[in-house]
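A quick note: this is a predicted structure, and the numbers were derived from the prediction, not measured.
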Amino acid sequence: MTKNILVVDDDDEIRDLLEFDLQQSGYKVDTASDGIQGLEKALVSRYDLILLDVMMPKMNGFDVCKNIRKSQNSVPILLLTAKGTINDKTEGFDCGADDYLVKPFDIQEVLLRVRALMRRGDNKAQDNTKEDSFKNEVLKAGEIEIFPDELEVSISGTRSKLTPTEFEILYCLMQHFNKAVSLATLLNEVWGYDSDEDVRMLRVHVGGLRQKIEENPKTPKYLHTVINVGYKLTPFKDLENEI
């Protein structure tokens, strides 16, 4: 079945380039030239992926992303922006974006990210088909509980909302509770591919996750860094191998 992609960008040249290359790759493409138009289309039509520019007239990409997530729409969102600082990426991920590319970008890199996000969406759909009870499933490890249907985590009874990517990282770590999980494993399980360039992106997400589950993110009790490996989720403070 042909996948549907929405491209939202006010730059005619970039929008036309993305539309052409995505169509050549076998995708059906719809476009919008500003944030308001993009949001309206995202809310009334079904898409398998949204490519979303950040700096746009009428409504910026961050606000478009927030409103899409408020509508309980979990469509994968790839942000495209000329702003590439850690703070900008953190803001994008906090809005619920799944991935982030900085302009100017190579079209092959865009297509790689698109395929990875599509695989991730397909895997979710297969999991939900195989196990209808997943939406009502509550996973618990120590003091930590996660609620897949609500994309929420509870720490000792206090619940917090997670972005889709934060939830997937936490879900992966809970599958390996009390064991170190490598960066490569997290990248493969959450994004569907392993790239050294995306380790920084993973760390940004982990930082956001710590802000929500840790009383003091600088001295984590639950989500620990394991030097030269990756991360480990544990109910107890463990100073060994901690940075």
More than 12 heavy atoms of other groups within 6.0 Å of [X] [atom1]:
X: Phe105; atom1: CZ; result: yes
X: Asn228; atom1: CG; result: no
X: Gln23; atom1: CD; result: yes
X: Lys161; atom1: NZ; result: yes

Do [X] and [Y] come within less than 4.5 Å of each other through their side chains, counting heavy atoms only?
X: Tyr47; Y: Lys41; value: yes
X: Val7; Y: Val29; value: yes
X: Val114; Y: Lys3; value: no
X: Asp9; Y: Leu51; value: no

Does the pair [X]/[Y] count as a salt bridge with the N-to-O cut at 4.0 Å?
X: Arg113; Y: Glu109; result: yes
X: Lys103; Y: Asp53; result: yes
X: Arg115; Y: Asp99; result: no

Short side-chain to backbone donor-acceptor contact, Asp48 and Ile5, under 3.5 Å
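Between the backbone of Ile5 and the side chain of Asp48 there is no qualifying donor-acceptor contact (under 3.5 Å).
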Euclidean distance, Leu52 CG relative to Leu6 CG, rounded to 0.5 Å
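Interatomic distance, Leu6 CG to Leu52 CG, rounded to 0.5 Å: 8.0 Å.
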Taking Phe20 as the starting point, is it possible to reach Leu112 by hopping between hydrophobic residues whose side chains are less than 4.5 Å apart?
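Cluster IDs for Leu112 and Phe20 differ.
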Leu170 and side chain to side chain contact (heavy atoms under 4.5 Å, CB included): which partner among Leu162, Val206, Thr165, Leu223?
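By the side chain to side chain contact (heavy atoms under 4.5 Å, CB included) criterion, Leu170 pairs with just one of Leu162, Val206, Thr165, Leu223: Leu162.
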Are Thr225 and Arg210 close enough that a side-chain donor and a side-chain acceptor fall under 3.5 Å?
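Yes.
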Go through the steps to decide whether Glu143 and Tyr222 satisfy the test side-chain hydrogen bond (donor to acceptor under 3.5 Å, both in side chains), and finish with yes or no.
CA-CA 9 Å; Glu143 300 171 328; Tyr222 306 107; 2.6 Å; yes
